[in-house]
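Worksheet for the structure shown next.
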Amino acid sequence: MPHRFKRKIAAQSREMPEPYEGSRPVPMIVVLIVASIFLWAVGYIGYTYQAQPSSYGDWRSAADFQREAGTAQVDGAQLYATHCVACHQATGKGLPGVFPPLSGSEWLEGAPDAGIQIVLHGVMGPLTVGGTKYDGSMPTFKDKLNDEEIAAVLTHIRGSFGNSAGAVKAAEVAAARQASADRSAPWNGDADLAALR
Ligand code: HEC
């Protein structure tokens with residue numbers, strides 16, 4: 001072999017091979033690992049999923065959990081602060097001419113029937129409270145509060161703001177709810193309610 005070829009081959013053999021463009025498939029072991037992680041994840045979600053109404057979301061309150069656990073302590077004062085205070089005010093004195101006072105109200109003395117029906121169905125039309133005629137609109141709570149809650153909030157207002165009427169039992173609310181089950185409109189003020197006092 002001529003001298004110069006020998007030299008060239010020696011130089012070439014020192015170099016790396018020429019780079020070339022081609023495809024390198026993902027190694028089968030990686031494909032298998034990714035596929036098995038994916039299958040595991042699907043299986044895991046399927047296996048741990050528990051059917052719950054999606055309406056639960058984050059809306060459950062501590063009271064709901066207590067109710068589910070059967071340890072509910074319905075707090076009348078808290079219900080008053082949530083559902084009634086906007087109109088009847090924290091003092092129970094209402095707003096003159098607009099929202100009647102609960103404090104000293106004749107509707108909260110004696111038997112609880114009138115109070116229960118007022119909270120269940122609401123009131124519209126002329127209603128006399130403490131000698132003053134009101135003509136506003138009190139919303140219904142029959143679908144918002146259950147028997148225990150209505151009993152608790154009535155017990156609270158009958159024993160607060162200087163009032164001293166007795167406690168109301170959930171069974172009394174249940175009976176009143178039953179008796180007026182076919183009513184869908186609010187009571188018409190004094191005209192409907194006077195008979196209940
Ligand atoms: C949107 C305002 C509003 C809310 C909320 C409201 N009320 Fe009333 N309430 C009224 C109005 C107005 C009247 C008088 C209705 C009329 O004039 O016919 C009234 C009347 C009453 C009466 C009879 C009159 C009296 O002053 O004693 C009672 C009892 C009563 N509400 C209790 C409650 C309770 C308990 C709650 C909460 C569960 C509540 N109300 C929530 C507006 C409201």
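The analysis underlying the following values was restricted to heavy atoms, covering all of them including side chains, and did not include hydrogens, waters or symmetry mates. Counting starts at 1 for both ligands and their atoms, in listed order.
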Review point. Starting from atom 34 (C) of ligand 1, which protein heavy atom do you reach first, and at what distance in Å?
Key: C84 SG, 3.5 Å
Revision key, fill the gap. The option among P112, G125, G189 carrying the non-hydrogen atom nearest to atom 18 (O) of ligand 1 is G125
Revision key, fill the gap. Here the atoms of ligand 1 under 4.0 Å from any heavy atom belonging to V119 are 35 (C)
Practice item. Please test L145 against H83 for side-chain contact (heavy atoms from CB on, under 4.5 Å), starting from the C-alpha separation and ending with a verdict. Key: CA-CA 9 Å; L145 301 178; H83 296 284; 3.5 Å; yes
Check your understanding: With a 4.5 Å limit on heavy-atom distance, are the side chains of I150 and R177 in contact?
Key -> yes
Review point. Looking only at heavy atoms of P139, does any of them come nearer than 4.0 Å to an atom of ligand 1?
Key: yes
Check your understanding: Taking the side chain from Q117 and the backbone from A176, do they hold a donor-acceptor pair closer than 3.5 Å?
Key -> yes
Check your understanding: Vertex atom 8 (Fe) of ligand 1: angle to SD of M138 and NE2 of H88, to 10°?
Key -> 180°
Practice item. Identify the protein heavy atom lying closest to atom 26 (O) of ligand 1, giving its residue, its atom name and the separation to 0.1 Å. Key: P101 O, 2.7 Å
Check your understanding: What is the nearest protein non-hydrogen atom to atom 22 (C) of ligand 1, stated with its residue, atom name and distance?
Key -> I118 CG2, 3.7 Å
Check your understanding: Is a donor on one side and an acceptor on the other found under 3.5 Å between the side chain of S137 and the backbone of M124?
Key -> no
**Study point:** Hphob cluster co-occupancy, I118 + F99, side-chain heavy atoms under 4.5 angstrom
**Key:** no
Point to revise | Region of Y80 engaging ligand 1 - heavy atom pairs below 4.0 Å | key: neither
Practice item. Just do the side-chain contact (heavy atoms from CB on, under 4.5 Å) check on R183 and L120 with the steps written out, would you? Key: CA-CA 10 Å; R183 167 160 285 272; L120 275 175; over 6 Å; no
Check your understanding: Which is it for Y80 and V85 under the side-chain contact (heavy atoms from CB on, under 4.5 Å) test, yes or no, and what are the steps along the way?
Key -> CA-CA 6 Å; Y80 182 80; V85 82; 4.0 Å; yes
**Study point:** L108 neighbourhood, listing ligand 1 atoms whose heavy-atom distance to it stays under 4.0 Å
**Key:** 29 (C)
**Study point:** Enumerated ligand 1 atoms positioned under 4.0 Å from heavy atoms of C87
**Key:** 1 (C), 2 (C), 3 (C), 4 (C), 5 (C), 42 (C), 43 (C)
Practice item. Within a distance under 4.0 Å of any heavy atom of I157, pick out the atoms of ligand 1 and give their elements. Key: 35 (C)
Review point. To which protein heavy atom is atom 27 (O) of ligand 1 closest, and what is the distance rounded to 0.1 Å?
Key: S105 OG, 2.5 Å
Exercise for review: Provide the number and element of each atom of ligand 1 under 4.0 Å from a heavy atom of M124.
Suggested key: 18 (O)
Exercise for review: Return the residue, atom name and 0.1 Å-rounded distance of the protein heavy atom closest to atom 5 (C) of ligand 1.
Suggested key: H83 O, 3.2 Å
Check your understanding: With side chains defined as the heavy atoms from C-beta onward, is the minimum distance between D135 and P126 less than 4.5 Å?
Key -> yes
Practice item. Could you tell me the residue and atom name of the protein heavy atom closest to atom 17 (O) of ligand 1, and the distance to it rounded to 0.1 Å? Key: G136 N, 2.8 Å
Point to revise | Selected option - heavy-atom contact closest to atom 11 (C) of ligand 1, from P100, A86, G76, G92 | key: P100
Review point. Can you tell me if NZ on K142 sees more than 12 non-hydrogen neighbours from other groups inside 6.0 Å?
Key: yes
Check your understanding: Do any heavy atoms of S137 fall under 4.0 Å from ligand 1?
Key -> yes
Point to revise | Atoms of ligand 1, numbered as shown, that sit under 4.0 Å from any heavy atom of Y134 | key: 17 (O)
**Study point:** Student check: side-chain heavy atoms of K133 and L127 closer than 4.5 Å
**Key:** no
**Study point:** Subset of ligand 1 atoms that lie under 4.0 Å from at least one heavy atom of D135
**Key:** 17 (O)
Review point. Numbering the atoms of ligand 1 from 1, which are under 4.0 Å from a heavy atom of L102?
Key: 25 (C), 26 (O), 27 (O), 28 (C), 29 (C), 30 (C), 32 (C)
Check your understanding: Taking N163 for the side chain and A165 for the main chain, is one N or O donor matched with an acceptor at less than 3.5 Å?
Key -> no
Check your understanding: Any chain of hydrophobic side-chain contacts (each under 4.5 Å) joining M28 to V34?
Key -> yes
Check your understanding: Going by heavy atoms, is G115 under 4.0 Å from ligand 1?
Key -> no
Review point. Going by heavy atoms in the side chains, are E109 and S164 under 4.5 Å from each other?
Key: no
